[in-house]
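Start at 1 and go down the list; that is how both ligands and their atoms are numbered.
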Amino acid sequence: MNLWFTEYQNENLIIGCRLSKTLHYEKTPFQEIMVVDTVQFGRMLLLDDVIQTTVADEFVYHEMITHVGLNTLPEPRRVLIIGGGDGGSVREVLRHRSVEKVTLVEIDRGVIEAAKKYLPEISCGLEDPRAEIVIDDGIRHVKENKNTYDMIIVDSTDPVGPAEGLFGADFYRDVYGALTESGLFVAQSESPFFNRDLISRIIGNVRSIFPVVRLFLANVPTYPGGLWTFTMGSKKHDPLEVDTGKIAPLGTKYYSPGLHRACFVLPPFVKELLK
Ligand code: SAM
């Protein structure tokens with residue numbers, strides 16, 4: 001069989017994967033949802049023809065968007081995830097015993113339903129009694145819930161359509177307001193090769209609101225360029241001051257105490273984005 005999926009990153013670059021099967025297609029009011037089976041990465045979730053996650057490499061992204069922030073806080077109890085309808089971030093947050101409740105605010109119920117049906121290894125945490133699922137716009141949710149969450153995770157699609165507002169200064173201000181006194185947030189902040197202006201803008205916006213701002217990296221093979229950035233804004237705790245010797249083992253496959261420190265070591269071309 002010679003069936004390929006191609007993601008058009010820009011007019012000069014496409015990313016391709018050989019498919020063995022299309023499992024699901026649906027058009028919702030927000031986007032086109034597809035689940036396909038790929039030869040290289042196993043099952044893959046696509047939204048508007050953009051790769052969101054695959055069974056083979058999802059652990060990198062989901063472990064890094066959650067544990068770096070959670071292990072920076074002494075005792076995180078309430079966690080909010082905006083987006084993240086595949087459930088991978090919920091599954092990782094639930095590894096932390098101090099977490100009493102994780103609230104997932106996803107705008108598109110279709111993503112959650114597709115993940116539950118076709119990606120059980122990623123979505124398994126969504127049925128946990130500590131997980132609460134809210135179908136709503138994350139932008140509205142942070143505006144309406146003040147001083148509520150110890151950590152907010154912005155597990156969003158790229159900055160187009162309903163996710164566009166999740167990258168703006170007004171949103172980060174509302175995130176600040178929705179966090180408890182010494183809370184922090186982590187957001188996926190795209191590729192240091194292809195989204196340089198956007199990352200600089202995010203850093204500038206977050207710096208104007210949060211006293212501690214850090215950028216960290218992970219390698220996600222199915223994202224354009226592989227290398228991916230995450231931005232942290234914190235009211236008080238600095239991830240670089242964590243005693244990594246005290247980080248409890250979590251059974252993770254990418255994140256580790258050593259990597260908690262190492263992921264903040266930026267190559268000069270990435271460091272430039274912080275200026
Ligand atoms: N790991 C992914 C990536 O970086 O490609 C993100 C995956 S997750 C599936 C992204 C989710 O964010 C989508 O399901 C989308 O529906 C949701 N989303 C986009 N904008 C949103 C908003 N304003 N509020 C809540 N969820 C939103």
Side-chain angles (χ1 to χ4, degrees), residues 7 9 15 24 26-35 41 43-66 80-93 103-119 122-123 125-126 132-145 152-168 170-172 174-175 178 185-192 194-195 198-199 202 217-231 254:
E7 174 178 322
Q9 171 60 22
I15 297 167
H24 180 76
E26 179 187 1
K27 194 167 167 45
T28 73
F30 301 99
Q31 55 214 343
E32 287 183 329
I33 304 174
M34 267 178 97
V35 183
F41 295 106
R43 290 189 177 185
M44 175 185 274
L45 172 69
L46 304 162
L47 296 178
D48 287 339
D49 291 331
V50 176
I51 298 171
Q52 300 297 310
T53 196
T54 83
V55 167
D57 69 350
E58 57 87 12
F59 64 95
V60 180
Y61 175 90
H62 291 126
E63 290 179 10
M64 292 303 281
I65 202 169
T66 53
L80 169 67
I81 298 166
I82 294 176
D86 51 70
S89 295
V90 170
R91 183 197 63 203
E92 291 305 314
V93 169
T103 302
L104 178 87
V105 178
E106 163 64 60
I107 205 165
D108 191 346
R109 186 188 298 278
V111 176
I112 295 174
E113 296 308 325
K116 279 186 179 167
K117 188 159 178 197
Y118 296 103
L119 304 167
I122 302 177
S123 62
L126 295 173
E132 172 190 46
I133 297 173
V134 177
I135 306 298
D136 200 0
D137 189 331
I139 298 172
R140 184 176 28 230
H141 188 88
V142 287
K143 251 192 226 318
E144 291 175 357
N145 290 272
I152 297 177
I153 295 164
V154 190
D155 184 357
S156 71
T157 33
D158 299 336
V160 281
E164 200 176 340
L166 299 174
F167 292 78
D170 289 349
F171 172 69
Y172 298 131
D174 289 331
V175 165
F185 87 94
V186 171
Q188 75 87 0
S189 46
E190 307 278 313
S191 158
F194 304 119
N195 309 100
L198 174 70
I199 296 170
I202 292 172
L217 294 170
N219 279 288
V220 187
T222 51
Y223 289 173
L227 201 61
W228 210 247
T229 69
F230 299 84
T231 298
Y254 187 91

Checking the N or O distance criterion of under 3.5 Å, is ligand 1 in contact with G138?
yes

Which residue and non-hydrogen atom of the protein lie closest to atom 5 (O) of ligand 1, and at what distance in Å?
Q52 OE1, 3.2 Å

Measure the spacing between CD1 of I133 and CG of L126 and express it to the nearest 0.5 Å.
4.5 Å

Are any side-chain N or O atoms of E190 and backbone N or O atoms of P192, one a donor and one an acceptor, separated by less than 3.5 Å?
no

Nearest-0.5 Å distance, CG of residue L198 to OG of residue S189
8.0 Å

Side-chain donor-acceptor contact under 3.5 Å, Q31 with D108
yes

With nothing but distance in play, are any N or O atoms of I107 less than 3.5 Å from an N or O of ligand 1?
yes

Which protein heavy atom lies closest to atom 10 (C) of ligand 1, and at what distance to 0.1 Å?
D155 O, 3.3 Å

Picking from I122, D86, V55, what satisfies side-chain contact (heavy atoms from CB on, under 4.5 Å) with L45?
D86

Please determine whether any non-hydrogen atom of Q31 lies less than 4.0 Å from an atom of ligand 1.
yes

So OG1 of T53 and CZ of F41: to nearest 0.5 Å the spacing works out to 11.5 Å

Here the pair of heavy atoms bringing I135 nearest to I107 is CG2-O, 3.8 Å

Contact region, F30 to ligand 1, non-hydrogen atoms below 4.0 Å, reads neither

Which value, rounded to the nearest 0.5 Å, describes the distance between M34 atom CE and I51 atom CD1?
11.5 Å

Region of V50 that comes within reach of ligand 1 [heavy atoms, distance under 4.0 Å]:
neither

Please state which part of T53 comes within less than 4.0 Å of ligand 1, counting heavy atoms only: side chain, backbone, both or neither.
neither

Numbered atoms of ligand 1 (with element) below 4.0 Å of A163, judged on heavy atoms:
19 (C), 20 (N)

Looking only at atom types and distance, does a side-chain atom of D137 sit under 3.5 Å from a main-chain N or O of I139, one as donor and one as acceptor?
yes

Which of these, S89, S156, G84, S189, has its nearest heavy atom closest to atom 8 (S) of ligand 1?
G84

the protein heavy atom lying closest to atom 12 (O) of ligand 1 turns out to be G83 CA, 3.3 Å

Distance-only, no hydrogens or angles: does the E63 side chain make a donor-acceptor pair with backbone N or O of Y254 under 3.5 Å?
yes

Tell me whether I51 reaches ligand 1 (any heavy atom closer than 4.0 angstrom to a ligand atom).
yes

Answer yes or no: does an N/O atom from P162 fall short of 3.5 Å to an N/O atom of ligand 1?
yes

Under 4.0 Å from one or more heavy atoms of D137, ligand 1 contributes atoms 22 (C), 23 (N), 24 (N)

N or O pair under 3.5 Å between W228 and ligand 1
no

In ligand 1, which numbered atoms sit nearer than 4.0 Å to a non-hydrogen atom of V105?
25 (C), 26 (N)

To which of D86, T157, L104 does the heavy atom nearest atom 9 (C) of ligand 1 belong?
D86

Quick one: does H62 get an N or O within less than 3.5 Å of an N or O on ligand 1?
no

Treating D48 as the side-chain partner and E32 as the backbone partner, does any N or O pair qualify as donor plus acceptor under 3.5 Å?
yes

Looking only at heavy atoms of I65, does any of them come nearer than 4.0 Å to an atom of ligand 1?
no

Can you tell me which residue and heavy atom of the protein come closest to atom 21 (C) of ligand 1, and the distance to 0.1 Å?
L166 CD1, 3.8 Å

Using 30° and 60° as the class limits, which term best fits the ring planes of Y61 and Y223: parallel, tilted or perpendicular?
perpendicular

Which residue, F167, Y172, F230, F185, forms the side-chain contact (heavy atoms from CB on, under 4.5 Å) with V154?
F185

heavy-atom search around atom 3 (C) of ligand 1 in the protein gives Y223 OH, 3.2 Å

D108 versus ligand 1: do any nitrogen or oxygen atoms come within less than 3.5 Å of each other?
no

Heavy-atom nearest neighbour in the protein, as seen from atom 16 (O) of ligand 1, with distance rounded to 0.1 Å:
E106 OE2, 2.5 Å

What distance do L227 atom CG and N219 atom CG have between them, rounded to the nearest 0.5 Å?
5.5 Å

With heavy atoms of V111 as the reference, note each atom of ligand 1 found under 4.0 Å away.
14 (O)

